[in-house]
Every structure is written in structure tokens, then in C-alpha cells.
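Below: one structure, written as C-alpha cells.
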Amino acid sequence: MEFFAQLFINGLSIGFLYALSALGFVMIFKSSSVLNFAHGELLALGAFFFLILSVWAKLPIVLCFLVTLVGCFALGFIIERLFLRPLIGEALIEVIMLTVGLSAMFKGLMLLIFGGNLHNYPDFLPEALSIQWGAISVPSVYVSSFIIGLIFLGVFGFFFKYSSHGIYMRSVADHQPAALSLGVNVRRVFALSWAIAAVVCAMSGIVLGIINGINVHQLSTMGLKVFPVVILGGLDSIGGAILGGIIIGLLENFTGGYISTSLREVVPYIVLVLILLVKPYGLFGSEEIERV
Amino acid sequence: MKDDILLQLNNISVVYADVIQILKGVSLAIRKKQIVSLLGSNGAGKTTTLRAVSGLLKPENGKVTEGTIEYEGRPIQNAAPETITRLGIIQVLEGRPPFEHLTVEENLRVGTAARGTRSYKEDLDLVYHYFPRLLERRKALAGYCSGGELQMIAIGRALMARPKLLLLDEPSLGLAPLLVKEIFQIVKRINEEQGTTIILVEQNANMALQIAHYGYVMENGKIVMEGEASDLRENPDVKEFYLGIAASGALKTYKDVKAYKRRKRWL
Ligand SMILES: Nc1ncnc2c1ncn2[C@@H]1O[C@H](COP(=O)(O)OP(=O)(O)OP(=O)(O)O)[C@@H](O)[C@H]1O
Ligand SMILES: [Mg+2]
């Protein structure tokens, strides 16, 4: 029983990270129908940004977090401006190829600067964050991953539900011509969705970096996990992305715990295929997605 | 006299996809605080004319290739919709597409996009004042609203922007006669009480000419007739073709109307 609870809690906190990064992926897709194949690189960029600030510049940790937030927001904006915007209105496949190209470019740049080996953040998480509960112990990284996931999902949930800009973003996802007719700045919405995606990716990249260390290849592979997550949840559903993330996180941990660690990475994909056989649009995807 | 004009189209031509010419020299003059009706059969180019004004040609791959559009004396042809909406021109799209996954009130709030950060509470009150039904339904998802409610949402959304010039594209499309009457009465009140200038595109010429001050008739991308709404209502051609009333007062059959159209008397 303790073992189960332990796996459950670990799975849940990792699931929150997946959910958070999937949120960024789904948002870009919803607002501009772009499948972002550079998702893993956004994770890695955020993690390395934080590495530069914390290890090379030795800034206080809280400041590192804030600067990473702001920096990645700006980075997302710039990526959209420089690379995506010129392709607005072009065929979907061209835009997808562009994100594949971006992925290769960012990966190459990071390898050039940081090399292919493993880096580590300084130990900054207070021990007090860890939870000891009978035989169950939750290390502080998992607690912080849980907290960060919860905070960001909450903040963005609130932003989309109540703020004017959140509502404009959803209106573009729903019916772009009508949004245009009311003066919604659609290009700004695209840029904003990239900026937010870069921020949430950075957050999950940092926490994954705390857990596993920071390595370009590893983090960009982690990014690929967004595909089972969003396909499971439905490509165009933010709620689905969150649930999909949690399910994949749990599945991985249960498989690793009960069956074998080597199967860990595979089982999510197997379950994904099974679910898609029953529900071809994912758990929450809307069927209109056919249009795309 | 000239001060009186809010919007002027001078001999504009519109081309889609660089080759398909749809408007062939259209000129309109829209007076301040008037309702001007733009009539014409399917494919005449009414929607295209509105798009030329609102800037929504661009996403349709269309362009004003000749002529000018002057709004408050400024040229606006081929400007971006973000720019034009901020000048106070809002187009209500044909078919009243809703933001399905947004609630009625969220749909209305999208209408604040064109006019910055000012608080929207007052504008919401104004919309609910004209459309009390939307107040009752404010928490419902627009995807579940009826056609009449969707038309109210579409007009309400536009009203949130406090437009000076409202472009309405076939608000009566597919609605029950009683509802059409109700919506036209509200449009008329908005014009009178808010001083909003309105271009009303309609197939329902009868209803449109009842609330409009002035009217234009379009055929094949050209203006073929214009006049005071009261004159147009009495005009035998308009009566016969658009109001479906023959000189004798009897309703024309579809076949007769078709035959009439083939003669193309207005070209
Ligand atoms: N995006 C487009 N690309 C190419 N042709 C178009 C486009 N939009 C409209 N057209 C063509 O332009 C012509 C006029 O269309 P428009 O929609 O302006 O007519 P309308 O008077 O509004 O007709 P309706 O009463 O049916 O709405 C039609 O022949 C139509 O096929
Ligand atoms: Mg039309």
C-alpha cells in the first residue's frame, strides 16, 4: 500500500510537469493550428537559461526564477516574430517543417554552448519542503514540482477564464474571422501563445532539470512526451492536456514500479494507442478537429 | 454637405486572388447617423463591399485595386482590420458565427478588443439594455444558443466596441418573421439612441427599407440604383424584383422573377 501511494504521489507530481508543458503545446495549436515540433527544445532552453543564471551568474534563486520567467516570455515572443510570423497564411506543412527546423537549430546552438554532458543546478531546495508521512517519503523536488505545477496551472486557468486577453485568445481559437472582425489582434495572440508556451516549458524544464540533471538530448526527448500527452487529452483541449499529463505521469511511475523500469518509457505509448482505438479524437478532443 | 458624409467609396474595384474581379467601380456615400440599406441578390457583391470597408478582404485574399474609401476624410482602403476597427468601424459577419466554447458574456467581452482597456461593465449594461434576453442567457455557452440569440450576440459584440459605423450583413438570414421584426426594431433604436451610422445589407428588402433612410441596389458588382428609402419602396422595379409585388399587387411566381432577371434591365 505504501509503495502504491509512493508511486502515486511521484507520478502525480511528474504528471503536473507534463501537464504544464502540454498546456503550452496545446495553446499554440489552438490559437494558430501550429504543431510545435520544437517543444522539447523550449524545455531545454528554459532549463539552460536557468542554469546560466544560477550557476554562471550565481544570482539568488528567486531572482533566477523571475528572470527566467521574463526572459522566456520574451524569447517566445521573439521566436514568433522572427520565424512564425512570416509564414502566417502559408500551408500547414511548411509551418510544421519550420518548427522541425527550429528544433534542430536550437538543439545545435545549445550543444555548441553547453556540450552534450550532464549539468546540475546548485542544491537550493530546502529540505523542509520534503514530506515524511509514515513509510511514504516525498522528496522536496517532487513537492516543488507539485507546487509549481499547481501555481502555473491555476494562474493560467484564471488568465484564460477571466482576463480580457485570455478571452481574446480563446476567441481566436474558436473562430478567427469573427475575432478579426471585432478587432482582436490575431498576430499578437499568436505571439502571446508562443510566449506563454515558452514560459510553461521553461518551468517544467527547470524542475525536470532538478530531478534528472540538465542535458540537451534528454530534455528534448522529454519534450517528445508531449505527444502522447496531448494526443491522449485531445489536441485542442487544455483541460484534456492537463488530465493527459497526469495520466501519463501516473502510468510511467506505476509501470516503472510494478513491471519494469525499462518498460517505463514505452507503456504510455501503448496505452495511448489503445485509447485512440476507442476514442480517435482523444479523451477530450472535439471532433471538429477534422477541419485541420 | 460634405461634412455630413461619414464614409465615402469612390469608384472602388475589388479583386479576389489577384484575378477574380467582383466589384467594378462601386461608389457609395454614407451620411452620418443614417441607416443605409444595401440591397441585391445573391452574389451581387454586398458582402464584398462591406469587407472592403472593414478591412476583412485581406484574410479572404482580396484587395481594393482601384478607387478610394474615405472615412471621416481619411483614406482607409486596404488598411488592416485591427486599424479599421479602432477607428470605430465594426462589421457583423454574415451567418453570425459565435465563439462556441465561450459563454454569451465572454462573447460580448471579445467586442472590447478594439477599444483598449476602459472598463467594459457599462458597455455590457448597454448591450443587456437592448437585448434583455442575453442577460438571461449570459452564462450559457454560445454553442447552445438559438439562431435569434446568436444574432443578438453578434450585434451585441459589435456594440461593445461602441462603433461609429456598424456594418450589418444580413441580420435577418434564416430567422422567423417575428424575430426579424424585433431585431430590426432594435437596430433602429440603436441608430436613433446611440447615433450609430449603419450600413444594412439585406435580401429582405421590405424590412430593410422600412427602417433605412437611404438605399442602394447592387447587381453584378455595380450599383444600379439608389435613392431615399421611401422612394425605393415605391419604385416599380424594386417592388417587382425585391419586394415580390407585381404592378397589379399580386405576388410574382419564382419563374417570372427569374425571367425578369434574365432581361437584366438594370445593366
Ligand atoms: N474569398 C473569395 N474568393 C473568391 N471569390 C469570392 C470570395 N468571396 C466571395 N467571392 C465571390 O464574389 C461574388 C460576390 O460575393 P459576395 O459574398 O460579396 O456576394 P453577396 O452579395 O454578399 O451575396 P449573398 O447575398 O449570397 O451573401 C460571388 O460570386 C462570390 O463567389
Ligand atoms: Mg453576402
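Letters A, B, ... mirror the listed sequences (proteins, then strands); counts begin at 1. Every heavy atom of this structure was used, including side-chain atoms; hydrogens, water molecules and symmetry mates were not.
The 12-atom threshold is exceeded at CZ of A:Arg85, counting heavy atoms of other residues, nucleotides or ligands nearer than 6.0 Å. Within a 6.0 Å sphere centred on CE of A:Met105, heavy atoms belonging to other residues, nucleotides or ligands number more than 12. Heavy-atom neighbours of A:Tyr162 OH from other residues, nucleotides or ligands within 6.0 Å: at or below the threshold of 12.
With chain A as the partner, the residue from B:Asn107, B:Ile89, B:Thr83, B:Leu93 showing the most heavy-atom pairs under 4.5 Å is B:Leu93. When the candidates A:Lys161, A:Arg188, A:Arg170, A:Gln176 are compared by the number of heavy-atom contacts under 4.5 Å with chain B, A:Arg170 comes out ahead. Note on B:Pro81, B:Pro97, B:Ser54: by heavy-atom pairs under 4.5 Å with chain A, the leading option is B:Pro97.
Side-chain contact annotation: A:Ser164 with B:Tyr120, donor-acceptor N/O pair under 3.5 Å absent.
In this structure, chain A has heavy atoms under 4.5 Å from both the backbone and the side chain of B:Leu102. Residue B:Pro163: no heavy atom, backbone or side chain, is found under 4.5 Å from chain A. Within the 4.5 angstrom heavy-atom criterion, only side-chain atoms of B:Pro59, from C-beta onward, approach chain A. Heavy atoms closer than 4.5 Å to chain A are found in the side chain of B:Arg86, but not in its backbone.
Contact check for A:Val172 versus B:Phe99: no side-chain heavy atoms found under the 4.5 Å cut-off.
Pairing each heavy atom of B:Thr85 with each of A:Leu182, the nearest pair is CG2-C, 4.0 Å. Of all heavy-atom pairs between B:Ile90 and A:Ser181, the closest is CG2-O, 3.9 Å.
The distance from atom CZ of B:Arg157 to atom OG of A:Ser171, rounded to the nearest 0.5 Å, is 8.5 Å. Between A:Phe160 atom CZ and B:Glu106 atom CD the span is 12.5 Å, to the nearest 0.5 Å.
Residues satisfying the salt bridge (charged side-chain N to carboxylate O under 4.0 Å, His left out) criterion with A:Arg187, sequence neighbours excluded, are B:Glu82.
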